[in-house]
2 protein chains.
Amino acid sequence: MNDYDDVSEATRERVLKLAEELEYTPTAAARTLVTKRSQVVGVVLSTGVDHPDIQHPFFQEVLVGLKRRLGAGGYDLLLLATETPGNGFGTHSYLQRCRHHRVDGVVLMGVERREADVQKLARSTIPCVAVDLDLVGRRTGFVISDNTRGAGLALEHLHKLGHDRIATITGPTDTRVGMDRLVGYRQALERLGLPYRDEYVREGDFYFESGNAHMQELLTLPEPPTAVFAASDLMAAGAVRAIERAQLEVPGDIAVVGFDDIQLAAMMQPALTTIRQDKLGLGAAAAEALLRMIERDGAPPPGVTLPVELVVRESSGGKRSRAARTKPTR
Amino acid sequence: MNDYDDVSEATRERVLKLAEELEYTPTAAARTLVTKRSQVVGVVLSTGVDHPDIQHPFFQEVLVGLKRRLGAGGYDLLLLATETPGNGFGTHSYLQRCRHHRVDGVVLMGVERREADVQKLARSTIPCVAVDLDLVGRRTGFVISDNTRGAGLALEHLHKLGHDRIATITGPTDTRVGMDRLVGYRQALERLGLPYRDEYVREGDFYFESGNAHMQELLTLPEPPTAVFAASDLMAAGAVRAIERAQLEVPGDIAVVGFDDIQLAAMMQPALTTIRQDKLGLGAAAAEALLRMIERDGAPPPGVTLPVELVVRESSGGKRSRAARTKPTR
DNA sequence: TTGTAAGCGTTATCAG
DNA sequence: CTGATAACGCTTACAA
């Protein structure tokens, strides 16, 4: 059954037929024990109480991409859930949990780069790929979107529409993704000859509530922005909510551009202009790179940057088109 | 380390200390081989190209609930991805894949009850729990929301608001969930003394586009409804979109009530009135029941129905409150 | 081309 | 209480 080339056609068929009849399925555990390979890829993603990342629409889609590609390659996905595997002699590190299951590779999402636990994994000999997180190590690489360019695209779009007072609600600046989008914002400002204003930069946490709260404060400014670039769609949605609560209109009074292009973006009212990340592609690329590292020992860890794309919908529009207020905005 | 009671305190400590030092982690495969237990629970959820269920916000939240409870119980989650496990002598059934990994139990989501593959699993001796799907078998049970009552709640709410022309966009009627919500709709109609009209019932597929398309057709009726109960939030969002595209307002012209209470519901504009399913609870209940069956051989398979709750937001309102049109609806 | 034996890392059993 | 030994179900290497 293992496709040896030194068995007669007759025998092969006899065996295969019998296996079929008996619904024989090899036992992964036994095979793993001897081959030292499990055909399983571990998935680490934090499930904090406040914002379980597995619940963020972004990671979900990445997971779909991962599952498809990995499945096609003959691998199943192990969602590391328990912190006390084995017969529980205390809490185990990610690395130990991965070794416990002898996973052939690991995908990391939504974890802190600096966490000791994560570092340990990255320094190990297990092939690892981080998504949206610039982890590196001997056998650890990452796939990430071109966040800096994404922010640039957003700002250029807004600028072209006539905006010159553009604020941003960033992600946590201690994350690579949050920082890159902020850097992209600043670089674009400079490129476009727009002044940088401290009061136009607010640090959020990627989630709805923070977008909502920061937008409210932005609105109290003596000279409020006419456009906002939010570093995530969820925050953008929060911002839109704040704007409409203040009896202002999007995009009539304030234009909003998000980041991610999660499903919500197209379904919102007004539909959200955003920077699309290729989430399925990110998952597929991570899977691809991981399989390469698993299957070819010398394969270098990836450092892949995927392009992003501006998707223009309804939440961005010309500056101060008050006329739009008399009619529905669409 | 396995907590035997016939080892001296001294030896135990010596061993434990050494294990710690060497960062010893037991190998799951070896243990599985001999104990016939893997401390892993399989998760089956379809990832069709059109609508990967893993991507439906509903299942994501259920997954969080599952992961937390299962993790606490010392189990990891295996996302069955590959159809050709082992050394690939053809495609394997779910059952084979589960046996291959010797998973201790299985959670099924978003699969077809009638699928031969699913039936095989349900008839096997592996403990199974289906979520939102009434699978039964010797060691197979399910957890599900009280969908019939949910639909009733929605209709009563709408009726109380003064609506008597209430349409519904149902889910696929060959699914238990879709059917239950339709039954709840019909029963409520009767209870409230409202006439049943064939043209007010349209079968969708739970997703945005179908809600949108069906609402458009509902709008062309000689006597269009003044309220719509959609069997999912995604379809409700699609319906809202269709209504606003037709220059009508929600809830001013047509009230909309959804089902699920996914994150989108609260973030939409107008925020969606909906029937909340306890998604984390569903996941936790499934995990709980599964653990019981796994750990106590005689434990009966579950048949749990979780209560739902009406969440009133902005998309439902009094009938024909045209006045609202002059001012923002919020 | 086919059959046989050793060993993967555990747990369980059974003498010491 | 402790140490030795036989499975568990596979793959691999080697002998027939």
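As a basis for the values below, the full set of heavy atoms in this structure was taken, side chains included, without hydrogen atoms, waters or symmetry mates. We name chains A, B, ... by the order of the sequence lines, and we start the count at 1 in each one.
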Response to the item:
Computed from five pairs at either end and rounded to 10 degrees, the angle between the axes of the helix from C/dT1-D/dA16 to C/dG16-D/dC1 is 50°

Take the protein atom [atom1] of [X] and the nucleotide atom [atom2] of [N], then report the distance between them rounded to whole Å.
| X | N | atom1 | atom2 | value |
| --- | --- | --- | --- | --- |
| A/R31 | D/dG9 | CZ | C1' | 11 Å |
| A/L33 | D/dC10 | CG | P | 12 Å |
| A/R37 | D/dT11 | CZ | P | 13 Å |
| A/H100 | C/dT10 | NE2 | P | 9 Å |
| A/K36 | C/dC8 | NZ | C1' | 6 Å |
| B/Q39 | C/dT11 | CD | C1' | 14 Å |

Looking at [Y], is its backbone amide N or carbonyl O close enough to the side chain of [X] to form a donor-acceptor pair, meaning the two atoms are under 3.5 Å apart?
| X | Y | answer |
| --- | --- | --- |
| B/R68 | B/A284 | no |
| B/S38 | B/R102 | yes |
| A/D104 | A/Q39 | yes |
| A/K120 | A/E115 | no |

Practice prompt. Could you please spell out the steps behind the salt bridge (Lys or Arg N to Asp or Glu O under 4.0 Å) verdict for B/R292 and B/D297?
Written response: CA-CA 8 Å; B/R292 225 175 1 245; B/D297 215 56; over 6 Å; no

Worksheet item: So among B/R97, B/H100, B/H101, which one has a side chain to side chain donor-acceptor pair (under 3.5 Å) with A/D76?
Response: B/H101

For the side chain of [X], counting heavy atoms from C-beta on, which of [options] is nearest?
| X | options | answer |
| --- | --- | --- |
| B/V34 | D/dC10, D/dC8, C/dC8 | D/dC8 |
| A/T27 | C/dG9, D/dG9, C/dT10 | D/dG9 |
| B/R102 | D/dT11, C/dT10, D/dG9 | D/dG9 |

